[in-house]
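No experiment lies behind these values; they were computed from the predicted model shown. Residue numbers start from 1 in every chain, and the chains themselves are labelled A, B, ... in the order their sequence lines are given, proteins ahead of strands. Hydrogens, waters and symmetry mates play no part in the numbers below; they use all other heavy atoms, side chains included.
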Amino acid sequence: MSASEHRRPAAGTILELDRVTKEYPGSPPVRALDEVSVAVTAGELVAVVGPSGSGKSTLLHLMGTLDRPSSGTVRVTGLDVARMSDRQVSALRADRIGFVFQQFFLAEHQTVLANVADGLLYAGVGRAARRRLADDALDRVGLAQKAAARPTQLSGGERQRVAIARAIAGRPPVVLADEPTGNLDSATGAALLDLLEELNADGATIIVITHDHAVAARMRRRIEVLDGRIVADTGPATAASGAGPAREGRS
Amino acid sequence: MTVTSAPAPARLRPADLAGLASVGLRTRKLRAALSALGIAIGVAAIVAVLGLASSSQAGLLAEIAQLGTNLLTVTNGTSLSGQPAELPDAAPGMVGQLPGVTAVQYTGAVGAPVYRSPLIPPIDTDGLSVQAASLGLPAVAGTSVAQGSYLNAATAGEPVAVLGHEAAQLMGIDRIWPGMRIWVGGQWFYLAGILNPAALAPQLDTSVLVGFPAAERYLGFDGHPSELYVRAVNTQAATTRVDNLLAAQANPEFPDQVTVSQPSQALTVQADAAGAFDTLFLGLGVVALLVGAVGVANIMIISVLERRQEIGLRRALGATRGQIRAQFLAEAILLALAGGAAGDVAGAAATVSYAHAKGWAIVIPPEAWAGGLGAALLIGALAGLLPAIRAARLSPTEALWTL
């Protein structure tokens, strides 16, 4: 088994699940993930693909430290989540993980800029610095001119770009995107995937969870999940394209 | 970039917390206003009750100060045998010689009945009494002439009367016409004038005043003064000194048959009573505050339910449980404080307009408005505690993915 290899994080490994099992209580208990092991290297662009109920959402929760495994080890940037308090895990999310959700989750009463800046509220960044980083992030997703608009004045694709800007504003080592194109039409979805590729080329490690094989097909690495197990993994891309830009991305 | 030490959560800056606390208020203005209304009404009621009590007290005290606290009265008490004692005829003159006394005036109880006309049944006295009065009485007793004129050296010897304020009302006389007369001791007395209310000497209000010579000539009066009105030098010390010497000076033979009093003291006690707040309204204010607290708690619980996704998002963005708790607690406190501030303004406005209409000085005791705000703060904290704890207890996944 590859399990023994995953005990120690390989150089550049940024996110690591080692024989992770997640059971939800019930009679009988529901086993959403069954001894899953996977490692993501800095700079990768990964798709986790699987049908509804396959366990990919549970995988996202565990990768994002939003939930804890029933057994097994989750390491984010080398830190074992099981050994950390809830406060420390919260701080880990604030500093090192960016989230993009299918429903965007933008605050409608705030401007686009304030929405993005609020993503850094819990990372200990001062107000002025938050706005500067938010400006920068909006520029990177191509929405600099909409900074003063309200989310309600934007199209679906633009809203998701705002959500992406919020996720990357602090340049976290890992960005998790949960069905980012799920609420978008196919042309807008394609443009959004272009953006994710650009950001990845810029150095961001991005993991996209999707049920859509067409979306997954555009990613360099694909992990297929079915019935709580990984049934296929194209494996990390070559070292040249993987590890290189990652350092630059978190400078 | 591998970091081996666990990260510590960053503290929320006070300004950021304030911004977070106002999210619910800014996005749901009407609901926030309605839920703060209960607290606003409660605080307004409390502030208004305390403010009106203080203002009416201040009004009375101002009135007393204007009338003067240096008036002393000397009345005949009772002798050992229980008979009404009489003041010596020389009492006014002797009191006038006391150092510190600036003026002495006096009245004598005549004991004659008085009616509007001879047609009034003798039983309808209206509680009025006839008093012989000295010529400078109104100014010293703290009153003045409202209608017509007071007695003078000429009219004091003639059948002429002046009515106290209430006596005039009871007789149905509100204006003096030439030739107007009343039936005093079985004969007609012409009316010269009507006095204003005498707050320091209310016994004059129900009196019909005639001159000493007229009383002796027409009404069989013996000429003994029964009450002395004494003004001392207007300082507390001088008034007290005169007060102490007055009994012996007025009746050296039987000083214990003399009663000396300071009418302003009775009014001051009355003012203190007016300053005591209305317990009923205060109780209603407290009830309104409690209802307001329930309203705030209710709205916060609903808010937490509605904003699960926001809570989940904030947890995903890295908020700790404590930071979520602080946000909702601060929101409840802010809501209650807004209600408290509105209540303070409303209560103060009510006090100002009522006191202004009454001509009182406007007094809003600091403990009233500060207490109102403090109560609102406490209520917000108590009402927000449970909802805030609930919000913090939500796990990020159940907050984000359950609707």
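Contact tally against chain B (heavy-atom pairs below 4.5 Å) for G126(A), A107(A), S85(A): the top residue is G126(A). Heavy-atom pairs under 4.5 Å with chain A were tallied for A15(B), G312(B), A319(B); the largest tally goes to A319(B).
Residue R166(A) touches chain B through its side chain alone, counting heavy-atom pairs closer than 4.5 Å. Looking at R315(B), both its backbone and its side chain come within 4.5 Å of chain A, counting heavy atoms on both sides. Heavy atoms closer than 4.5 Å to chain A are found in the backbone of A8(B), but not in its side chain. Of the atoms belonging to F99(A), it is side-chain heavy atoms, and not backbone ones, that fall under 4.5 Å from chain B. Of the atoms belonging to R68(A), not a single heavy atom falls under 4.5 Å from chain B.
A salt bridge links R321(B) with D86(A); the closest basic N to acidic carboxylate O contact falls under 4.0 Å.
Note that CG of L20(B) and CG of D118(A) are 7.0 Å apart. Values are rounded to the nearest 0.5 Å. Going from atom OH of Y122(A) over to atom CZ of R314(B) covers 4.0 Å, rounded to the nearest 0.5 Å.
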Step-by-step side-chain contact (heavy atoms from CB on, under 4.5 Å) determination, F101(A) to L313(B): CA-CA 9 Å; F101(A) 299 104; L313(B) 173 70; 3.7 Å; yes
Evaluation steps, side-chain contact (heavy atoms from CB on, under 4.5 Å), between L121(A) and L12(B): CA-CA 8 Å; L121(A) 199 54; L12(B) 271 181; 4.1 Å; yes
Test side-chain contact (heavy atoms from CB on, under 4.5 Å) applied to L400(B) and Q103(A), step by step: CA-CA 10 Å; L400(B) 270 171; Q103(A) 302 94 321; over 6 Å; no
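Residues of residues 55-66 of chain A having a heavy atom under 4.5 Å from any heavy atom of chain B, listed by number: L60(A), H61(A), L66(A). Applying a 4.5 Å heavy-atom cutoff, the residues of residues 175-183 of chain A that approach chain B are D178(A). The interface of residues 369-392 of chain B with chain A, defined by heavy-atom distances below 4.5 Å, is empty.
A search for side chain to side chain contact (heavy atoms under 4.5 Å, CB included) contacts involving P51(A) returns S54(A), L226(A), not counting sequence neighbours.
Remark: R11(B) CZ is loosely packed, at most 12 non-hydrogen atoms of other residues, nucleotides or ligands lying under 6.0 Å away. Remark: H109(A) NE2 is packed, more than 12 non-hydrogen atoms of other residues, nucleotides or ligands lying under 6.0 Å away.
Heavy atoms only, all atoms of each residue included: R13(B) and V125(A) are closest at NH1-O, 3.7 Å. Listed here is the closest heavy atom pair of R93(A) and G318(B): CB-CA, 4.1 Å. The heavy-atom pair separating A10(B) from A123(A) by the smallest distance is CB-C, 3.8 Å. Taking each heavy atom of A91(A) and P7(B) in turn, the nearest pair found is CB-O, 3.8 Å.
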